[in-house]
Amino acid sequence: MQQTDILLESGTNELEIVEFTVAGLKFGINVIKVKEIIKLQSMTKVPHAHPNVEGITELRGEVLPVVDAAKALGLAQSQNPQSDKLIVTEFNQQKIIFHVHSVTQIHRISWSLIEKPSMLYQGLESQITGVVKWMGEMILLPDFEKIMVELNPESGIHIDQVKKMGKRERSAKRIVIAEDSPLLRGLLHDTLQEAGFTNLEFFENGKDAYEYLYSLSEEGKKVKEEVQLVITDIEMPQMDGHHLTKRIKENNKLSGLPVIIFSSLITNDLKHKGQKVGADAQVSKPEIAELVTLIDQYIL
């Protein structure tokens, strides 16, 4: 798999997805999360492991867990296992392998083509974060962070991390948060409330967050008096966090707002993307204590 020039660009509101299939359905994963794609190889089963963990395997000296994507997504097992593939991924500062049934191609698309799943889709809301309409077909984007947290709850955001910071004073400072995952919106709400920040405004994607901020500026309000900080994820339908940050920093009425990118994609290799669009700080999920420390720094 060749990673193309998109990985060198920032703020274009585009991404590349690796298309793969499970039980005949088409799914996609952000190329940035993918380290490599390999043939199915032998695994060692682990007693009492999570039901979705198929086993462990060694890859270049590392022992990595292999997740059965079919089980994790509630789908049928492969009918042709000899052609199955393993997608080696890294996000949330962890490496994990997903066992899928085939890997087909890479698509370069705009986040504006990705829609949030409707609550009317039976069973999809819990595992799918986006739906891509592509060439007359639908490609589903699984919530890989949620799958990871289900496997290892310790990899998620924990309110205890904030409690360890000691007693906190309450603050009326207003924070706008763009995060598409319902699970993470809930966790962020609870942990930031515990940290003393009670005036929180959540949006499901960067587009809605930007339109809200832009409307404040168009109404003649002093935006910095209405909102003191923006926190954004990177991967979101309609408008991603890099493009949101770029739009804020390019708007004279909004550019003074501090923007913190809080994402599973923050790595040493990718931090330059956030820096290029003008992010004031970047924190990898699930480091909530580090996020709170930065919030203190920028608005208290």
Side-chain angles (χ1 to χ4, degrees), residues 9-15 110-116 129-130 157 170-193 195-266 270-271 273-285 288 290-300:
E9 301 169 9
S10 299
T12 63
N13 206 38
E14 294 176 300
L15 79 158
S110 168
W111 281 104
S112 64
L113 295 178
I114 302 175
E115 295 187 0
K116 178 180 169 55
T129 60
I157 295 170
R170 296 176 78 81
S171 170
K173 298 293 180 68
R174 194 173 197 199
I175 302 174
V176 163
I177 302 164
E179 168 60 64
D180 66 316
S181 167
L183 171 71
L184 288 174
R185 283 201 302 274
L187 290 171
L188 278 171
H189 175 272
D190 293 346
T191 50
L192 292 180
Q193 289 264 341
F197 299 107
T198 58
N199 196 354
L200 307 173
E201 190 78 38
F202 283 90
F203 295 91
E204 295 181 355
N205 59 67
K207 182 173 180 286
D208 290 348
Y210 182 78
E211 288 178 351
Y212 170 72
L213 295 170
Y214 182 77
S215 70
L216 292 178
S217 68
E218 289 299 291
E219 290 168 9
K221 296 178 180 178
K222 293 181 179 179
V223 178
K224 283 285 297 255
E225 293 180 3
E226 301 290 326
V227 176
Q228 283 72 55
L229 180 76
V230 176
I231 298 171
T232 181
D233 189 14
I234 292 178
E235 296 183 289
M236 296 180 290
Q238 300 298 309
M239 183 187 291
D240 73 3
H242 284 141
H243 192 64
L244 169 62
T245 304
K246 183 179 179 182
R247 293 284 295 273
I248 289 172
K249 295 303 181 179
E250 289 179 345
N251 185 313
N252 290 336
K253 296 179 180 178
L254 303 177
S255 59
L257 278 174
V259 179
I260 300 175
I261 297 178
F262 185 55
S263 167
S264 63
L265 300 181
I266 302 300
L270 294 172
K271 273 194 173 181
K273 293 173 72 68
Q275 292 166 351
K276 188 173 180 180
V277 294
D280 295 275
Q282 301 177 76
V283 184
S284 176
K285 293 176 181 174
I288 190 69
E290 184 181 347
L291 176 64
V292 170
T293 299
L294 284 167
I295 297 172
D296 290 350
Q297 177 183 326
Y298 281 102
I299 66 175
L300 289 187

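Sequential numbering from 1 along the given sequence is applied to the chain's residues.
Contact record, T12 with H243: C-ND1, 4.2 Å, taken as the closest heavy-atom pair. Taking each heavy atom of K207 and M239 in turn, the nearest pair found is N-CB, 3.3 Å. Of all heavy-atom pairs between L244 and A209, the closest is CD2-CB, 4.3 Å. Minimum interatomic distance between L192 and L200 (heavy atoms only, all atoms of both residues): CB-CD1, 3.9 Å. Contact detail for A172 and N199: the closest heavy-atom pair is O-ND2, 3.3 Å. Scanning both residues, N13 and D240, for their nearest heavy atoms gives OD1-N, 2.8 Å.
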Could you check V259 against V277 for side chain to side chain contact (heavy atoms under 4.5 Å, CB included), going step by step and ending with a plain yes or no? CA-CA 10 Å; V259 179; V277 294; over 6 Å; no
Stepwise, does the side chain to side chain contact (heavy atoms under 4.5 Å, CB included) test hold for V230 with L254? CA-CA 11 Å; V230 176; L254 303 177; over 6 Å; no
Could you go through K116 and D180, starting from their C-alpha distance and side-chain angles, then the distance that decides it, and tell me whether this counts as side chain to side chain contact (heavy atoms under 4.5 Å, CB included)? CA-CA 8 Å; K116 178 180 169 55; D180 66 316; over 6 Å; no
L213 vs K253, test: side chain to side chain contact (heavy atoms under 4.5 Å, CB included). Steps then yes/no. CA-CA 9 Å; L213 295 170; K253 296 179 180 178; over 6 Å; no
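No more than 12 heavy atoms of other residues, nucleotides or ligands shown are found within 6.0 angstrom of OH on Y214.
Considering CG of L229 and NZ of K224, their distance stands at 9.5 Å, rounded to 0.5 Å. To the nearest 0.5 Å, atom CG of residue D296 and atom NZ of residue K173 are 10.0 Å apart. Going from atom NZ of K276 over to atom OG1 of T245 covers 14.0 Å, rounded to the nearest 0.5 Å. N251 CG to K246 NZ: the interatomic distance, rounded to the nearest 0.5 Å, is 13.5 Å. Going from atom CD1 of I231 over to atom CD1 of I177 covers 4.5 Å, rounded to the nearest 0.5 Å. Atom CD of residue Q228 and atom CD1 of residue I295 lie 12.0 Å apart, to the nearest 0.5 angstrom.
In terms of the side chain to side chain donor-acceptor pair (under 3.5 Å) criterion, residue partners of E219 (sequence neighbours excluded) are, by chain and number, K221. In this view, D233 and K285 satisfy the salt bridge (Lys or Arg N to Asp or Glu O under 4.0 Å) rule, not counting sequence neighbours. Residues that satisfy the ring pair (Phe, Tyr, Trp, His ring centres under 6.0 Å) test with F262, not counting sequence neighbours, are absent from this structure.
For the pair Q238 (side chain) and I114 (backbone), a donor-acceptor distance under 3.5 Å is present. Judged by distance alone, with hydrogens and angles left aside, the side-chain atoms of R185 form a donor-acceptor pair with the main-chain N or O of E179 at under 3.5 Å. Side chain of N205 to backbone of M236: no donor-acceptor contact under 3.5 angstrom is found.
A salt bridge links D280 with K249: the distance from a Lys NZ or Arg NE/NH1/NH2 to an Asp or Glu carboxylate oxygen falls below 4.0 Å.
Within the 4.5 Å cutoff, no side-chain heavy atoms of T191 are placed close to those of L291. A heavy-atom distance below 4.5 Å is found between the side chains of I299 and I175.
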